[in-house]
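By convention in this document, chain letters (A, B, ...) are assigned in the order of the sequence lines, proteins followed by strands, and residues within each chain are numbered from 1.
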Protein chains: 2
Amino acid sequence: MGRKRTKSGKIRLAEVAELAGVSPITASRFFRNPEALSVAKRTRVESAAKELGYVPNLAARALASQRTEVIGVLIPSLTNNVFSDVLRGIYDASEGGRYSIQLSNTRYSILQEEKLLRLFLAQKPAGLIVTGIDQTEESRAMLEAADCPIVQIMEIGPNPVDMMIGFSHYEAARAAIAHLFGQGHRKVGFVGARMDPRVQRRLDGYVSAMKDASLFEQRLVVTTATPTSVTLGGALFTDLLAREPDLDAVFCANDDLALGVLFECRRREIAVPEQIAIVGFNDLEFMASAVPTLTSVRTNRYEMGRTAATMLIEAIDGRRPEQPVLDLGFKVIERQSSSARRSDSRPAASGAGTANKMVALPSSHD
Amino acid sequence: MGRKRTKSGKIRLAEVAELAGVSPITASRFFRNPEALSVAKRTRVESAAKELGYVPNLAARALASQRTEVIGVLIPSLTNNVFSDVLRGIYDASEGGRYSIQLSNTRYSILQEEKLLRLFLAQKPAGLIVTGIDQTEESRAMLEAADCPIVQIMEIGPNPVDMMIGFSHYEAARAAIAHLFGQGHRKVGFVGARMDPRVQRRLDGYVSAMKDASLFEQRLVVTTATPTSVTLGGALFTDLLAREPDLDAVFCANDDLALGVLFECRRREIAVPEQIAIVGFNDLEFMASAVPTLTSVRTNRYEMGRTAATMLIEAIDGRRPEQPVLDLGFKVIERQSSSARRSDSRPAASGAGTANKMVALPSSHD
DNA sequence: GTCGTTGCTGGTAGCGCTGTCAACGTTCCT
DNA sequence: AGGAACGTTGACAGCGCTACCAGCAACGAC
């Protein structure tokens with residue numbers, strides 16, 4: 001009797017096939033397309049595999065079939081809370097399935113992204129999730145030439161490579177500013193860090209909303225390329241105040257900055273929202289818990305990751321979604337930090353995050 | 001002349017070898033152990049590879065060599081900030097090298113961990129990073145039987161499977177309580193969520209420190225299995241206050257809870273630290289920025305991830321570290337939120353995180 | 001009854017790379 | 001000078017799986 005086990009002692013497909021009394025190729029089919037087998041053989045292979053504790057050798061499978069069961073994910077940062085939510089969605093959606101996630105960090109560099117993309121594509125991934133719509137020309141060309149489904153996440157824009165899921169950062173920022181205007185605020189500052197393309201588009205939205213109201217002034221905008229942090233929020237706000245002491249409100253490009261601004265206000269004994277209103281972006285958990293509770297623009301990050309991975313897997317398996325571009329929209333969650341100007345200052349009645357008034361909007365105009 | 005390209009149009013090692021005028025096996029060696037080649041051939045293979053844009057087929061390599069160049073990482077959560085720091089370290093250390101990271105999420109379940117471990121091991125990873133020291137017996141046996149280096153991270157304890165890097169959560173908690181005692185606080189509460197093994201050991205440290213001072217009372221401890229959040233910090237603190245209105249101080253099992261407690265104090269107009277002191281755990285960035293700035297126990301999470309991956313890769317490449325168990329220690333970062341009881345309340349002079357007094361300790365007793 | 005058609009199964013031939021072993025030339029030692 | 005030792009190279013034979021195509025039975029249409 002010939003060789004029964006591989007050197008490493010692992011069970012191979014051939015052993016399963018032998019025990020089941022079928023040919024190896026039939027056993028192989030069981031794992032890839034069980035419906036193609038007769039019910040009798042199917043059950044026999046199944047029990048044989050279970051009995052032997054068979055685990056397929058992915059390397060052999062990849063080599064023979066010329067494709068891997070890997071989904072490549074390119075994100076700009078592992079630090080940023082925003083991406084960890086998206087990632088969680090992606091991992092949750094892929095869990096239990098046949099595809100495994102390969103993560104790479106572009107560090108907000110589109111050249112790095114291009115390099116990683118080349119690396120990924122060489123391994124023939126089953127699918128790809130990339131962040132944003134600002135790839136290099138070279139990257140774009142590679143993506144278009146790739147023979148696997150691709151999902152662009154985090155934002156939507158024209159000319160999707162394949163599928164796309166996100167929302168309009170521009171419109172989200174405009175909605176935040178509209179909310180502040182609605183509460184009677186006029187001199188609204190902008191505080192932004194990192195200034196990646198999505199933050200840039202939030203700034204664009206802010207600028208356009210301010211210009212529409214003939215309220216835009218360059219000195220109301222304070223930004224930096226430095227990575228974002230709570231401490232930085234305080235520092236940028238300090239700059240902003242120095243430039244414009246009569247500030248009504250601050251729109252922060254993310255919630256960490258907003259929290260930093262809140263702390264800085266407390267440090268300077270500036271009443272929020274009576275003297276200055278604060279609006280953040282992303283609606284991280286702590287926003288509902290702060291004192292005062294902080295207004296923010298809620299974005300569906302977990303949903304985004306989850307849906308992106310689900311759509312991708314469906315597409316890999318040959319079921320392309322009818323809707324290849326999905327706008328997940330956003331909601332302005334109105335809380336105490338931005339309540340109406342010159343209303344009497346009603347302090348927080350009870351707990352955190354109660355009675356949030358929500359304004360839901362799709363990213364697109366109606 | 002025979003087949004030049006693979007079906008997919010990819011360059012194979014054979015093409016590179018042909019262009020370089022060497023045998024395929026020599027070309028192969030160039031990529032794995034360049035020193036074994038003569039300088040002449042080395043440069044010829046190198047330029048041939050570059051000219052053709054050769055990218056190795058990892059599946060074929062894995063199949064032929066019976067091992068993959070994958071480092072498996074098992075962590076309990078993707079949400080928790082703590083792990084994103086560790087992960088960042090791991091990814092940073094592995095970047096540019098030959099090994100790729102395969103991440104899986106155990107969701108704080110050691111049974112899930114066991115399942116994932118089995119899956120990983122079947123693919124013969126080059127190395128493994130696992131969280132903590134509380135595996136199932138079955139997992140433990142698999143780890144010990146695995147023929148690859150393994151690093152346990154996040155904490156240290158007896159009987160490492162292989163390598164280990166972390167710190168003593170028990171001692172860290174004791175140090176935090178000692179600090180509070182040093183500031184004159186006596187009735188110190190404990191607030192904890194999630195209660196994974198590491199949080200449990202922090203609780204053990206708290207209990208032992210309190211007992212040493214004959215100050216332990218069961219009602220000072222409030223915990224829940226719910227995942228941690230800022231809001232939850234406020235809620236747990238509310239419970240704690242109801243049980244023990246005369247509280248001096250709160251030791252929070254993490255910084256999110258501490259922030260929640262701070263907000264809750266503000267909501268209830270309890271002065272921090274005059275009426276109640278707060279100490280957190282992990283020293284996330286915002287702690288230095290809060291008002292008042294929040295005392296916390298700094299842990300070297302990024303370092304831990306980075307060092308773990310570095311040690312692992314070294315071990316894979318045959319250079320085992322002299323020091324297989326590394327205690328990264330911790331530091332109690334003393335800030336305003338825990339300054340001395342009954343000292344007159346001196347408000348923060350200027351900015352965030354200035355003049356932090358640090359108390360550095362290795363986890364072990366001296 | 002013959003011919004397609006369909007459903008299921010198996011044989012053969014690789015996928016692209018590396019482990020093993022053998023062979024070669026060179027150097028160094030005795 | 002003879003032989004061992006070393007450094008360098010190549011031939012061969014798979015790694016475990018799947019693509020491709022052929023074969024075979026069962027069935028219905030004419």
Using atom [atom1] of [X] as one end and atom [atom2] of [N] as the other, report the distance to the nearest whole Å.
X: A/L63; N: C/dA13; atom1: CG; atom2: C1'; result: 13 Å
X: B/E18; N: C/dC17; atom1: CD; atom2: P; result: 14 Å
X: B/L13; N: D/dA11; atom1: CG; atom2: P; result: 14 Å
X: A/R12; N: D/dT18; atom1: CZ; atom2: C1'; result: 15 Å
X: A/R61; N: C/dC17; atom1: CZ; atom2: P; result: 21 Å
X: B/N33; N: C/dC17; atom1: CG; atom2: P; result: 18 Å
X: B/I11; N: C/dC17; atom1: CD1; atom2: P; result: 11 Å
X: B/Q66; N: C/dG19; atom1: CD; atom2: P; result: 10 Å

- Message: If you compare every side-chain N and O of A/S28 against the phosphate oxygens of D/dT18 (OP1, OP2), does one of them come in below 4.0 Å?
- Response: yes
- Does OP1 or OP2 of D/dA19 have a side-chain N or O of A/R67 closer than 4.0 Å?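 Answer yes for this pair, as a side-chain N or O of A/R67 is under 4.0 Å from OP1 or OP2.
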- Sequence-distant partners of B/T79, side-chain hydrogen bond (donor to acceptor under 3.5 Å, both in side chains), two or more places apart: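 Scan of B/T79 (side-chain hydrogen bond (donor to acceptor under 3.5 Å, both in side chains), adjacent residues dropped) gives A/R88.
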- Task: Not counting sequence neighbours, which residues clear side-chain hydrogen bond (donor to acceptor under 3.5 Å, both in side chains) with A/Q112? List them please.
- Result: none
- Using a 4.0 Å heavy-atom cut-off across all strands, classify B/F30 as base, sugar-phosphate, or nothing.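 Result for B/F30 = nothing.
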- Any pair counted as side chain to side chain donor-acceptor pair (under 3.5 Å), so long as it reaches residues 97-111 of chain A, sequence neighbours left out: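 Passing the test, one end in residues 97-111 of chain A: A/E69-A/R98, A/N80-A/Y108, A/Y99-A/D317, A/R107-B/D92, A/R107-B/E95.
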- Choosing from C/dC17, C/dT18, D/dT18, which nucleotide comes nearest the side chain of B/R32?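 Of the options given, the side chain of B/R32 lies nearest C/dT18.
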- Pairs satisfying salt bridge (charged side-chain N to carboxylate O under 4.0 Å, His left out), at least one member in residues 131-158 of chain B, at least two apart: B/R118-B/E138, B/D134-B/R201, B/R140-B/E144, B/E155-B/R198, B/E155-B/R201
- Contact nearer the 5' end of DNA chain D, comparing B/A27 with A/A27: B/A27
- Query: If you measure from the Lys or Arg side-chain nitrogens to the Asp or Glu carboxylate oxygens, is any gap between B/R306 and B/E303 under 4.0 Å?
  - Reply: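 Between B/E303 and B/R306 there is no salt bridge, as every charged N stays at least 4.0 Å from the carboxylate O atoms.
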- Message: Using the side-chain contact (heavy atoms from CB on, under 4.5 Å) criterion, which residues pair with B/I110? Sequence neighbours excluded.
- Response: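 Result, side-chain contact (heavy atoms from CB on, under 4.5 Å) vs B/I110: B/E113, B/T136.
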- Task: For atom CZ of A/R42, decide whether the heavy atoms of other residues, nucleotides or ligands shown that lie under 6.0 angstrom number more than 12.
- Result: yes
- Note on the structure: Letter by letter from the 5' end, nucleotides 4-10 of chain C scores (B base, S sugar-phosphate only, - none; protein heavy atoms under 4.0 Å) ----SBB
